[in-house]
Amino acid sequence: MHSLTALFEPTSVAILGASSDAERIGGRVLRFLVEAGYKGQIYPVNKSGSAEVQGLPAYPSVSAIPGTLDQAVIVVPAAGVESALQECIAKGVKGVLVLTSGFAELGPEGRAQQDKLVAMCHAAGVRMIGPNSLGLLNVETRYFATFSVALNGLQPKPGPISLATQSGAFGSCTYAMASLRGLGFSKIVATGNEADVDVAECIDYLAEDPSTRVICAALESCRDGDRLRRALLKAAAAGKPVLIMKVGRTELGAAAASTHTGSFAGNDAVFDTVFAECGAYRPQSIEEMLDIAYFCSVTGRLPSNGDMGVMTSSGGIGVLMADHAGDWGLSMSPLPESGVKAALELLPFAVAANPLDVTAQITAVSDGTARSVDLMLTHGPYATVFAYLASAGLSPQRFESTIASLAALREKHPGKDMVMVMASAPEVDRRLEALGIPVFGDPSRAVLALAGAAKMVERRKTLYRLPEASEAAQALGDVSTEATAKRVLGEAGLPMLPERLCATAAEAVAAADGMGYPVVAKISSPDIQHKTEIGGVILHLQDAEAVSAAHATLLQRARAAAPNARIDGVLMAPMLKGGVETILGVHMDPTFGPMVMYGAGGTAVELYRDVAFASAPLDVAGAQALVNRVRSSALLRGWRGAKPADEQALVDAICRLSEFALAHASELESIDINPLVVREKGAVCLDAVIVKRTA
């Protein structure tokens, strides 16, 4: 039994703070439970001494309730929550739902009170949702433990969609929008302050729930990245789509933001990455989330591929849908020759392609709609075929024969899906949905729904693998300069040039003579991270005289730009020519741990911001997938006649960096390798910055 079962499936519940006034919060919770027809035992607890509340026998305390008790809903004022919880624990409840606000959301004092509640629950083995929760609904059992006014006008119907959200108001908005369009629910929960149970754990529970086929979720924050990863992966393994929204921006500390990697991770890129790696999809609006949930819940599955066919009575609509398919990563394979032949035999006037434009003359062909869809399903590779039927569904009687034909097609093609795009009467929609056929009024939303579903299918092919526990690596030591950072990265297997740190001009000349000209000279200081900004790099030094002058110039520039900076000397290196400049980095995310970054490198990295992230560790397939997500990776493959670069060397460097980051996760804040130059053969790190975590 899941640890949250007592919260979602109680057979008895006490309402602490139950009120006879059905419009007050404590009265509303009780009224909704009674009106919904909850079959479990309901025990109103009210210390006023009333013998009954809203027609039910009332009790002065939890201890006065006869028998055992599964759950308690606490709606007393904040000052009384602690003693109410003590009563519940003494009674042996398994779960508590704290709807009362006035805790961590108010500041440090409220946080301290909330922490006491958590400690009490943990000590007693009790699970708690809240405080500051809007409540929980189990639509199947009619357990409506909420005070949401949405229930005053919208009664949820049973269905396969479940919703877990931190924000109660967000949940109410989503529930109302879904209910108005006829979507049914299994479970709805608002986790509030998440003192104990969070959205991630609710997803974990819903992944096991046999009544849930599609999981919708909304986050404001996440305190346990591993738990969220595991829950999303569990849902993916169970074959359940997860549509998860994240609002708000990540705030980074000054240390992380001081590197390129940190500044890129300052947006939602990390959450996007984790959701994708774990098979989930992040909608950009509630409407999009509900469209995809509707698509998946009606068809009962995810599509087997992202290839779509379109049958349309309007050429313009067909082109619009094809445009969206291209925008959102779907494919539209041409109609095979056998399909073209079948289409022209049936519809000599049609444009026999994909989209299949049947024109308005389709109405003159007996059962033309179903026969046109059938030929696309039969001859094409499409997992999903859209049929744009204008306003055909507005006449239920005339559309009756089409429904019967579509029902036959559903049986004939059990592995494929049909989607109707048309204006239609509600009874037509319900009939088609019962057959497993979604109906959309807007062709753009229909294509976007398929795109989201298809994206989850693609992501499940390469799900993130949680790392196994390993022994802690040896401490990093001093990595405060480019030279020391490169030393430890080189020991980890990343490719480096032969370089030498020189305290004097004579040492620099000797090093350059040994390397061979031309060479590059760079100031080395633990207090100067971005050397190019102070003129701390001099390139193309052709002889000893130039090297000696460069040594003096670099020391002068460093002292002028940063008078108090510690100067270790000048780093001499061979001057590299050619290759593709890339950037590798590691961002130690406070929630999700080490995130590897790859993208277009060089001095314009902040300008183009062509980067992507992936969770460490990465194997070869994962590293290659990361490279493929960056647009400028095309430069590696022989752009405009250039010779291809050694992409395998880049992939190897990414893998080694990810392993290094995971091994030293407790010490790191961030890593920048910019540029890492990928050559025709091999790759090499030309600059590196490692920022260690401060105590």
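Treat the numbers as computed from the prediction; the structure is a model and nothing was measured. Note: hydrogens, waters and symmetry copies are ignored here, and every other heavy atom, side chains too, is used.
- Using a 4.5 Å heavy-atom threshold, the side chains of Pro498 and Met515 count as separate.
- Closest approach of Val197 to Cys202, counting heavy atoms only: CG1-SG, 3.8 Å.
- Partners of Thr591 under the side chain to side chain contact (heavy atoms under 4.5 Å, CB included) rule, at least two apart in sequence or in another chain, are Cys222, Asp589.
- Under a 3.5 Å cut-off, the side chain of Asn305 and the backbone N or O of Pro381 do form a donor-acceptor pair.
- Of the inter-residue distances, the one linking Ile673 atom CD1 with Leu494 atom CG reads 5.0 Å to the nearest 0.5 angstrom.
- When atom types are taken as modelled, the side chain of Lys240 and the backbone of Leu206 share a donor-acceptor pair closer than 3.5 angstrom.
- The closest donor-acceptor contact from the side chain of Tyr205 to the backbone of Ala200 lies at 3.5 Å or more, if one exists at all.
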Pairs of donor and acceptor atoms involving the side chains of residues 559-568, under 3.5 Å and at least two apart or interchain, shall be tabulated with distances.
residue, atom, partner, partner atom, Å
Arg566, NE, Asp527, OD2, 3.1
Arg566, NH2, Asp527, OD1, 2.8

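- Put simply, the side chain of Thr165 never gets that close to the backbone of Phe170: no donor and acceptor are under 3.5 Å apart.
- In this structure the side chain of Leu476 reaches within 4.5 angstrom of the side chain of Leu668, judged on heavy atoms.
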Report the C-alpha distance between Leu219 and Leu228 in whole Å, list the side-chain angles of each, state the deciding distance to 0.1 Å, and finish with yes or no for side-chain contact (heavy atoms from CB on, under 4.5 Å). CA-CA 11 Å; Leu219 297 175; Leu228 180 58; 3.9 Å; yes
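- Between Asp196 and His122 there is a side-chain heavy-atom pair separated by less than 4.5 Å.
- With hydrogens and angles ignored, the 3.5 Å screen pairs no side-chain donor or acceptor of Arg679 with any backbone N or O of Val684.
- Taking all atoms of both residues into account, the shortest heavy-atom contact from Gly279 to Met456 is O-CG, 3.5 Å.
- Nearest heavy-atom pair, Leu330 versus Gly306, reported as atom, atom and distance to 0.1 Å: CD2-O, 3.4 Å.
- A donor-acceptor contact shorter than 3.5 Å links the side chain of Thr273 to the backbone of Ala269.
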For residues 646-653, which side-chain donor-acceptor pairs fall under 3.5 Å, sequence neighbours excluded?
residue, atom, partner, partner atom, Å
Asp646, OD1, Gln648, N, 3.4
Asp646, OD1, Ala649, N, 3.2
Asp646, OD2, Gly682, N, 2.8
Glu647, OE1, Arg637, NE, 3.1
Glu647, OE2, Gln624, NE2, 2.7
Glu647, OE2, Arg637, NE, 3.4
Glu647, OE2, Arg637, NH2, 2.7
Asp652, OD1, Arg656, NE, 3.4
Asp652, OD2, Arg656, NE, 3.0

Identify each donor-acceptor pair in which a side-chain atom of residues 535-543 lies under 3.5 Å from a protein atom, sequence neighbours left out, and give them as a table.
residue, atom, partner, partner atom, Å
Asp543, OD1, Glu545, N, 3.3
Asp543, OD1, Ala546, N, 2.8

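- The backbone N or O of Lys643 sits nowhere less than 3.5 Å from a side-chain atom of Glu680 that would complete a donor-acceptor pair.
- Using modelled atom types, one finds a donor on one side chain and an acceptor on the other under 3.5 Å when comparing Thr191 with Glu194.
- Here the side chain of Glu581 pairs no donor or acceptor atom with the backbone of Pro675 at under 3.5 angstrom.
- Heavy atoms of other residues, nucleotides or ligands lying less than 6.0 angstrom from CZ of Arg465 number 12 at most.
- A donor-acceptor contact shorter than 3.5 Å is absent between the side chain of Asp687 and the backbone of His530.
- The two residues Thr582 and Asn674 have their closest heavy-atom pair at O-OD1, 3.8 Å.
- Listed by first and then second residue, the ring pair (Phe, Tyr, Trp, His ring centres under 6.0 Å) pairs involving residues 659-689 are Phe660-His664 (not counting sequence neighbours).
- For the atom pair OG1 of Thr481 and CG of Leu501, the computed distance is 7.0 Å after rounding to the nearest 0.5 Å.
- Between atom CG of residue Leu497 and atom NZ of residue Lys486 there is a gap of 6.5 Å, rounded to the nearest 0.5 Å.
- Looking at every heavy atom in both residues, Ala453 comes nearest to Ile292 through N-CG2, 4.1 Å.
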Kindly indicate, with the supporting measurements, whether the criterion side-chain contact (heavy atoms from CB on, under 4.5 Å) is fulfilled by Glu669 and Arg693. CA-CA 5 Å; Glu669 188 72 52; Arg693 185 176 298 179; 4.0 Å; yes
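- Using a 4.0 Å cut-off between charged side-chain N and carboxylate O, Arg230 and Asp204 make no salt bridge.
- For the pair Trp328/Leu450, no side-chain contact is recorded, criterion being any heavy-atom separation below 4.5 Å from C-beta on.
- For the pair Tyr382 and Asn354, the minimum side-chain heavy-atom distance is below 4.5 Å.
- Remark: of the listed residues Leu676, Val677, Leu584, Leu676 is the sole one forming a side chain to side chain contact (heavy atoms under 4.5 Å, CB included) with Cys685.
- The shortest side-chain heavy-atom distance between Lys246 and Ile244 does not fall under the 4.5 Å cut-off.
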Run the side-chain donor-acceptor check on residues 594-602: report pairs under 3.5 Å with partners two or more places apart or on a different chain.
residue, atom, partner, partner atom, Å
Tyr598, OH, Ser633, OG, 3.1

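- Nearest heavy atoms, Ser331 versus Asp307: O-OD1, 3.1 Å.
- For Lys692 (side chain) and Gly477 (main-chain N/O), a donor-acceptor pair under 3.5 Å exists by modelled atom type.
- The cationic atom of Lys455 (NZ for Lys, CZ for Arg) does not lie both less than 6.0 Å from the six-membered ring centre of Tyr281 and within 45° of the ring axis.
- With a 4.5 Å cut-off on side-chain heavy atoms, Val274 and Tyr464 do not count as touching.
- Rounding to the nearest 0.5 angstrom, the gap separating the CG atom in Leu106 from the CG atom in Asn193 is 8.5 Å.
- Note that NZ of Lys531 and CG of Leu554 are 11.0 Å apart. Values are rounded to the nearest 0.5 Å.
- Applying the 6.0 Å contact sphere to CD of Glu105 captures more than 12 heavy atoms from other residues, nucleotides or ligands.
- Using a 4.5 Å cut-off on side-chain heavy atoms (C-beta onward), Phe613 and Asp272 make no contact.
- Distance check, rounded to the nearest 0.5 Å: OG of Ser480 to CD1 of Ile528 gives 12.0 Å.
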